[in-house]
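Notes follow once the structure below has been shown.
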Amino acid sequence: MGAVLELKDLCKGYSRGGRSFFAVDHVSLTVASRDFVNVVGRSGSGKSTLLNLAAGMLAPTSGAVELDGVDLAGKSDAELSRLRCDSIGFIPQGAAALPNLTVLENVMLPFCLYPRGGDGEGAARLLLERFGIGAAAGSYPGELSGGELRRVLIARALINRPRLVIADEPTSDLDVESSRGIMEEFSRLNAEGVTLLIVSHDLDSLRYGTRVCTMSEGRLHEGNLFEA
Ligand SMILES: Nc1ncnc2c1ncn2[C@@H]1O[C@H](COP(=O)(O)OP(=O)(O)OP(=O)(O)O)[C@@H](O)[C@H]1O
């Protein structure tokens, strides 16, 4: 299978208090089609920075990100937005829904951003049903629980049927049962052919993936070394 996502010797440097450091330090990772990669690691180890680089939200200090063989370097913001909207279902940490749009409108948003054919409303309603929140289609985000809201954001990330889903702690703040429901849904998506790269705090989530990588002080290692 070809690589959906390739991170090549990726670095992201920051400086704080007069000290320079790499939040992401020479990371290489090949995510093949149908991989389900979980990334674990301590707080501050660089997981969110890595996902933001992978999704083209952040520019690397050095190294390259290739999506389906296409280097993201040199792409304009508009091109990156389009690419993300079409190819990546990105669920950032603490992602917010737009408060003045209904749940249905929030889910349809990426569908409406660029002209495309098909039945966006029908697809959005199906996703809401799939995540057990069909009855909330006409509600506003402020009227939903944290777990319901998270499912709305996941549905929104899936509306354009992305080949790759990148999610930063998609089950944070959820109870065990809700977390399992979401991970099982990710697992089903994976079985349908979707490739996933997910940061997870919850070690129970690891059994749903096909690979685990550990982030430690900006470095990425294959395997779960988190508890070692
Ligand atoms: N814009 C920034 N400027 C300076 N330092 C930053 C910036 N963004 C992140 N960092 C630092 O880079 C390191 C990695 O941060 P990152 O958010 O990627 O970690 P994380 O593993 O996702 O943490 P958590 O699990 O707590 O979300 C941290 O030391 C953080 O303080």
Side-chain angles (χ1 to χ4, degrees), residues 5-31 35-67 72-73 75 77 80-81 84 88-97 146-147 149-154 156-157 164-176 178-180 182-183 186 195-228:
L5 178 71
E6 187 115 38
L7 310 182
K8 294 182 170 172
D9 207 22
L10 210 52
C11 290
K12 183 66 184 178
Y14 287 123
S15 62
R16 195 170 42 206
R19 188 182 77 89
S20 297
F21 66 99
F22 282 126
V24 169
D25 189 359
H26 296 279
V27 166
S28 294
L29 177 71
T30 301
V31 180
D35 272 355
F36 183 163
V37 184
N38 276 295
V39 178
V40 293
R42 292 187 196 294
S43 180
S45 58
K47 305 181 299 297
S48 296
T49 307
L50 184 72
L51 289 202
N52 283 316
L53 290 168
M57 302 290 291
L58 266 183
T61 305
S62 63
V65 177
E66 288 182 6
L67 186 65
L72 299 191
K75 296 238 173 262
D77 282 349
L80 283 174
S81 297
R84 247 192 321 273
I88 306 178
F90 184 50
I91 309 164
Q93 204 170 28
L149 202 51
R150 201 146 275 277
R151 279 177 268 168
V152 171
L153 298 171
I154 294 170
R156 185 172 74 182
L164 174 65
V165 169
I166 298 180
D168 198 348
E169 311 229 6
T171 62
S172 63
D173 306 329
L174 296 188
D175 60 73
V176 173
S178 306
S179 296
R180 285 197 181 138
I182 285 177
M183 291 311 290
F186 280 151
T195 305
L196 296 106
L197 175 64
I198 290 180
V199 161
S200 182
H201 248 119
D202 175 11
L203 296 183
D204 187 50
S205 300
L206 303 188
R207 63 196 169 95
Y208 297 97
T210 58
R211 290 168 66 189
V212 184
C213 293
T214 305
M215 199 88 192
S216 171
E217 295 182 355
R219 298 265 184 172
L220 191 75
H221 308 273
E222 191 88 28
N224 179 14
L225 316 174
F226 188 42
E227 287 189 311

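Both ligands and their constituent atoms are indexed starting at 1 by order of listing. Quick note: numbers below take in every heavy atom, side chains included, and nothing from hydrogens, waters or symmetry partners.
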Subject >> Non-hydrogen atoms of S205 and N38 that approach each other most closely >> reply: O-ND2, 3.8 Å

Original post:
Counting from 1, what ligand 1 atoms have a heavy atom of S48 closer than 4.0 Å?
Top reply: 17 (O), 18 (O), 20 (P), 22 (O), 27 (O)

Subject >> Atoms of ligand 1, numbered as shown, that sit under 4.0 Å from any heavy atom of G44 >> reply: 13 (C), 14 (C), 19 (O), 20 (P), 21 (O), 23 (O), 24 (P), 26 (O), 28 (C), 29 (O)

**OP:** Check the angle between the aromatic planes of Y14 and F21 and answer parallel, tilted or perpendicular using the 30° and 60° thresholds.
**Re:** tilted

**OP:** Say whether S43, considering both its backbone and side-chain N or O atoms, lies within less than 3.5 Å of an N or O atom on ligand 1.
**Re:** yes

Subject >> Heavy-atom closest pair, residues A54 and L72 >> reply: O-CD1, 4.3 Å

Subject >> Contact check, G41 vs ligand 1, heavy-atom distance below 4.0 Å >> reply: no

Subject >> Heavy-atom pair of closest approach, residues G56 and R84 >> reply: O-NH1, 3.1 Å

**OP:** Below 4.0 angstrom from a heavy atom of R42, which ligand 1 atoms are there? Numbered from 1 as shown, please.
**Re:** 21 (O)

**OP:** Might you point out which heavy atoms bring L149 and A97 nearest each other, and give the distance in Å?
**Re:** CD1-CB, 4.2 Å

Subject >> For atom 18 (O) of ligand 1, the protein heavy atom that lies nearest, with its residue and separation >> reply: T49 OG1, 2.5 Å

Original post:
Given L174, which of S172, P170, S178 fulfils the side-chain contact (heavy atoms from CB on, under 4.5 Å) condition?
Top reply: S178

Original post:
If you measure every N/O of F21 against every N/O of ligand 1, is any gap under 3.5 Å?
Top reply: no

**OP:** For K47, counting its heavy atoms only, list the atoms of ligand 1 lying under 4.0 Å from any of them.
**Re:** 18 (O), 19 (O), 20 (P), 21 (O), 22 (O), 23 (O), 24 (P), 25 (O)

Subject >> Taking every non-hydrogen atom, the tightest pair across Q93 and S48 >> reply: OE1-OG, 3.4 Å

**OP:** Decide yes or no for V39 and L220: does some side-chain heavy atom of the first lie under 4.5 Å from some side-chain heavy atom of the second?
**Re:** yes

Original post:
Looking only at N/O atoms, are A23 and ligand 1 under 3.5 Å apart anywhere?
Top reply: no

**OP:** Could you tell me the residue and atom name of the protein heavy atom closest to atom 27 (O) of ligand 1, and the distance to it rounded to 0.1 Å?
**Re:** Q93 NE2, 3.5 Å

**OP:** Answer yes or no: is there a donor N or O on one side and an acceptor on the other, between the side chain of T30 and the main chain of E6, under 3.5 Å?
**Re:** no

Original post:
Nearest protein heavy-atom contact for atom 6 (C) of ligand 1: which residue, which atom, what distance?
Top reply: Y14 CD1, 3.4 Å

Original post:
Of all the non-hydrogen atoms in the protein, which one sits nearest to atom 31 (O) of ligand 1, and at what distance?
Top reply: R16 NH1, 2.7 Å

Original post:
Is the closest heavy-atom distance from K12 to ligand 1 below 4.0 Å?
Top reply: no

